[in-house]
Chemist: 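Quick one: structure below, then a few questions.
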Amino acid sequence: MMNKYRTHNCSELKQTHAGETVSLSGWLHRKRDHGNLLFIDLRDHYGLTQCVVENNNKFFSILEKLRSESVLTIIGKVVKREKGTENFELPTGEIEVDVQSIKILSEAKDLPMPVFGEQDYPEDIRLKYRFLDLRREEMHKNIILRSKVVSFIRSEMLKLGFLEYQTPILTSSSPEGARDFLVPSRLNPGKFYALPQAPQQFKQLIMVSGFDKYFQIAPCFRDEDARADRSPGEFYQLDIEMSFVEQEDIFKVLEILMVNLFQKFSSKKVLNNKFPRIPYNEAMLKYGTDKPDLRNPLLINDITNIFTRDDVKFDIFKKLVKSGSIVRCIVTKKTKDKPRSFFDNIDKWSKEQGASGLAYFTLEKNEKISAKGPVGKFFSEDSLKEIMKITKAEVGDSLFLACGKINEIEKILSISRDKIAKDLNLINEDQFAFCWIVDYPMFELDEQTKKIKFSHNPFSMPQGEIEKLDFKDPLKIKAYQYDIVCNGVELSSGAIRNHVPELMYKLFSIAGYDKKKVEEKFSGMLNALSYGAPPHGGIAPGLDRIVMLLANEKNIREITLFPMNQNAQDLMMKAPSEVEPKQLKELSIKTDIKKD
RNA sequence: GGGGGUGUAGCUCAGUUUGGUUAGAGCGCCUGCCUGUCACGCAGGAGGUCGCCGGUUCGAGCCCGGUCACUCCCGCCA
């Protein structure tokens with residue numbers, strides 16, 4: 001490299017360059033001013049180089065006054081540092097550049113937030129001055145990681161025989177799923193495009209078009225509220241679709257890709273090269289959630305039947321069980337010597353989470369087996385033996401019990417599992433534990449409307465032979481629908497698709513869409529499936545969440561170049577913004593409609 | 001739409017419990033001293049509507065009510 005700005009970058013120079021005259025360009029990272037001797041750390045994308053000026057140099061006073069983060073070119077001679085003054089933490093720490101001349105390319109004002117150092121700063125300032133925030137080492141590193149992950153995925157997918165296809169950004173609104181972002185059409189007054197929530201229908205149409213293996217790093221738009229791990233508005237999926245495949249074919253592709261990806265970009269251990277397949281119902285029972293963290297060894301067991309026994313006197317639970325509640329528990333191994341406060345804290349915490357609390361006892365054995373703890377006295381030896389059989393608990397273990405309606409129990413025990421494991425330090429942070437959640441129900445009951453709705457994707461293929469499906473009891477129908485989960489993070493859902501139009505009408509009618517409505521909303525799709533469609537299926541792992549796991553970050557903004565804040569505003573570009581009345585008029589849009 | 005947390009100097013934070021003189025510290029900035037630092041050091045200085053509005057009080061950064069901003073969570077996210 002050699003141009004008017006630089007002969008080398010700021011991480012290149014070594015002892016072997018000593019004596020050469022070089023030019024470097026970059027940001028003034030840090031100054032150390034000794035009055036008659038000035039050290040300057042010059043920083044670029046690649047690293048840091050220390051430059052030195054003495055007070056007999058005509059640029060000394062200029063450099064002394066120049067503010068941090070100004071951009072300059074330094075021309076000077078590479079000098080080997082004297083013994084004892086090297087900095088072995090820097091790749092360039094064995095040399096320094098003796099400044100001969102400089103050129104200031106861009107002067108920086110007083111900074112609203114420093115680039116130097118590892119201090120945390122308020123989110124709104126970081127977002128407003130994102131270009132400064134991104135200069136900081138941690139952010140810079142995360143963004144580079146993200147770039148490398150994207151490149152790696154592309155090359156792996158190509159190796160696996162996939163081709164990348166691009167799909168439209170302006171498309172039509174769909175009735176299912178999230179809220180759409182709408183774009184008014186100038187040429188079609190009163191009509192709107194929608195930004196794609198995912199290229200779902202397009203990727204299926206690509207299969208119908210005969211292309212066999214599709215992937216895309218696809219932007220997806222959903223107008224829903226933000227979370228720490230969910231950008232408002234937009235995110236990226238590794239969108240995948242394959243023809244003539246069964247569920248296991250898709251699992252194989254994803255396992256190869258994920259294992260390679262996570263091994264390449266993290267030093268953490270991938271627990272299983274073949275990810276465990278856990279049926280949805282089993283996951284809800286054993287973990288209370290369909291995104292279990294398998295690093296956590298704690299399991300949930302159902303012990304409702306214990307509370308129908310006459311030799312169990314725990315009347316509060318017995319009464320609830322009689323009226324339809326269930327009891328489930330978490331066993332913790334060898335916790336008999338934990339102090340009372342350990343158990344009480346978890347009980348107290350669960351109440352803060354809105355539960356009615358967690359009962360607990362510890363299994364002991366003197367002459368006979370007994371339960372120690374506030375509710376221990378209610379259990380006979382025989383009932384404890386039965387509990388031990390069901391839960392595989394042993395003497396010295398403790399049980400945390402929750403009683404209530406199934407949804408409440410699943411929820412509280414799911415978060416209790418996390419909480420207790422954290423308190424007992426049971427989670428190995430150096431692991432990635434992947435799993436597949438399979439056999440999702442096709443439909444579920446909407447709690448509010450009491451109507452049957454699609455539980456996941458309306459285009460999924462129901463399991464079993466089509467002729468034998470029992471549409472009278474639709475809640476029992478399972479789908480070829482699956483999620484991939486890593487360390488308790490839901491990375492993606494996918495499905496084998498329904499490529500049979502008649503079946504699709506049937507399924508939609510169960511969810512309350514008549515034939516006309518289905519034809520109206522999915523005409524493109526249905527039409528395509530009527531002229532020879534291959535059986536196909538796919539998946540779409542969230543790219544942002546993959547990078548978060550690899551970068552070990554809890555917040556999606558830490559791995560996104562220019563994120564919006566929680567209110568879906570870009571504080572740097574000032575989006576969204578008002579527009580000229582003329583623009584609105586062209587689009588046939590009025591903005592004076594009041595919200596209810 | 002709802003709940004929690006935070007808001008004091010350009011930045012990070014202390015002070016709020018128990019209302020009471022001129023609201024402090026570190027970083028940054030400005031001035032001076034300093035030739036081997038790499039978080040350079042030393043001395044001095046500037047910098048504040050204590051988010052905003054209202055209330056209680058002789059007196060409010062501190063108590064009360066409202067409001068705004070940021071954030072985390074619930075709802076929502078096929």
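Naming convention: chains lettered A, B, ... in sequence-line order (proteins, then strands); numbering from 1 in each chain.
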Chemist: For A/K141, is there an ion pair with A/E138 - N to carboxylate O distance below 4.0 angstrom?
Modeler: yes
Chemist: Can you confirm whether the side chains of A/D293 and A/Y287 place a donor and an acceptor under 3.5 Å from each other?
Modeler: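 Note: A/D293 and A/Y287 side chains miss the donor-acceptor criterion.
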Chemist: Any donor-acceptor pair under 3.5 Å between the side chain of A/R30 and the base of B/C38?
Modeler: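 Absent.
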Chemist: Between A/N142 and A/E553, is there a side-chain donor-acceptor contact under 3.5 Å, judged purely by atom types and distance?
Modeler: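 The answer is yes; a qualifying pair exists.
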Chemist: Are A/K419 and A/D423 ion-paired here, with the side-chain N under 4.0 Å from a carboxylate O?
Modeler: yes
Chemist: Is A/E224 salt-bridged to A/R179, cutoff N-O under 4.0 Å?
Modeler: yes
Chemist: Return the set of residues passing ring-ring contact (aromatic ring centres under 6.0 Å, His included) with A/F235 (not counting sequence neighbours), or none when no residue passes.
Modeler: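 A/F235: no ring-ring contact (aromatic ring centres under 6.0 Å, His included) contacts found.
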Chemist: Atom NZ of residue position A/K422 - does it have more than 12 heavy atoms of other residues, nucleotides or ligands inside 6.0 Å?
Modeler: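 Open: at most 12 neighbouring heavy atoms sit under 6.0 Å from NZ of A/K422.
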Chemist: Base, sugar-phosphate, or nothing: which does A/E86 touch, judged by heavy atoms less than 4.0 Å apart?
Modeler: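 If one applies the 4.0 Å heavy-atom cut-off, A/E86 turns out to touch a base.
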Chemist: Distances under 3.5 Å only, N/O to N/O: pair up the protein atoms with those of nucleotides 6-10 of chain B.
Modeler:
from	atom 1	to	atom 2	distance (Å)
B/G10	O2'	A/P112	O	3.3

Chemist: Got a list of protein N/O to nucleotides 29-33 of chain B N/O distances below 3.5 Å?
Modeler:
none

Chemist: Whether the side chain of A/R230 and the base of B/C76 hold a donor-acceptor pair under 3.5 Å is what I'd like checked.
Modeler: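 Flag set: donor-acceptor pair detected.
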Chemist: Under 3.5 Å, is there an N or O donor on one side and an acceptor on the other linking the side chain of A/R81 and the base of B/C38?
Modeler: yes
Chemist: Are A/I477 and A/F471 side-chain neighbours, meaning at least one heavy-atom pair lies under 4.5 Å?
Modeler: yes
Chemist: State whether A/E558 and A/R126 are salt-bridged, where the test is any N-O pair (Lys NZ or Arg NE/NH1/NH2 against Asp/Glu carboxylate O) under 4.0 Å.
Modeler: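 Judged by the 4.0 Å cut-off on N to carboxylate O distance, A/E558 and A/R126 do form a salt bridge.
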Chemist: Classify A/F39 by what it touches in the nucleic acid, base, sugar-phosphate, or nothing, heavy-atom distance under 4.0 Å.
Modeler: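 Answer is base: heavy atoms of A/F39 come under 4.0 Å of a base.
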Chemist: With a 3.5 Å cut-off and no angle check, do the side chains of A/Y505 and A/E519 form a donor-acceptor pair?
Modeler: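 Judged by distance alone, the side chains do pair up.
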Chemist: How would you label the contact of A/E54 with the nucleic acid (heavy atoms, under 4.0 Å): base, sugar-phosphate, or nothing?
Modeler: base
Chemist: So which protein nitrogen or oxygen atoms get under 3.5 Å of nucleotides 68-71 of chain B's nitrogens or oxygens?
Modeler:
from	atom 1	to	atom 2	distance (Å)
B/C70	OP1	A/N565	ND2	3.0
B/C70	OP1	A/Q569	OE1	3.1
B/C70	OP2	A/N567	ND2	2.4
B/U71	OP1	A/Q566	N	3.3
B/U71	OP2	A/Q566	N	3.2
B/U71	O3'	A/R557	NH2	3.4

Chemist: In terms of ring plane angle, is the pair A/H29 and A/F116 parallel, tilted or perpendicular, where the classes change at 30° and 60°?
Modeler: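 Taking A/F116 first and then A/H29, their aromatic rings stand perpendicular (interplane angle over 60°).
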Chemist: Quick check, does A/H34 stack with B/C40? I mean ring centres under 5.5 Å and planes off by under 30°.
Modeler: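 Here the ring of A/H34 and the base of B/C40 are stacked, with centres under 5.5 Å and planes under 30°.
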Chemist: Please list residues of residues 217-228 of chain A whose heavy atoms come under 4.0 Å from any atom in RNA chain B, ordered by number; otherwise none.
Modeler: A/R222, A/E224, A/D225, A/R227, A/A228
Chemist: Mind running a 4.0 Å heavy-atom check of residues 479-504 of chain A against RNA chain B and sending the residues that fall below it, in number order?
Modeler: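 Those residues: none at all.
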Chemist: Once you measure the plane-to-plane angle for A/Y440 and A/Y280, does it fall in the parallel (<30°), tilted (30-60°) or perpendicular (>60°) bin?
Modeler: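 Correct class here is tilted.
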Chemist: For A/Q200, which contact category applies under a 4.0 Å heavy-atom criterion: base, sugar-phosphate, or nothing?
Modeler: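 Since a base atom lies under 4.0 Å of A/Q200, the category is base.
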Chemist: Taking A/K453 first and then A/E444, would you say they form a salt bridge - that is, a charged N and a carboxylate O separated by under 4.0 Å?
Modeler: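 So A/K453 pairs with A/E444 through a salt bridge.
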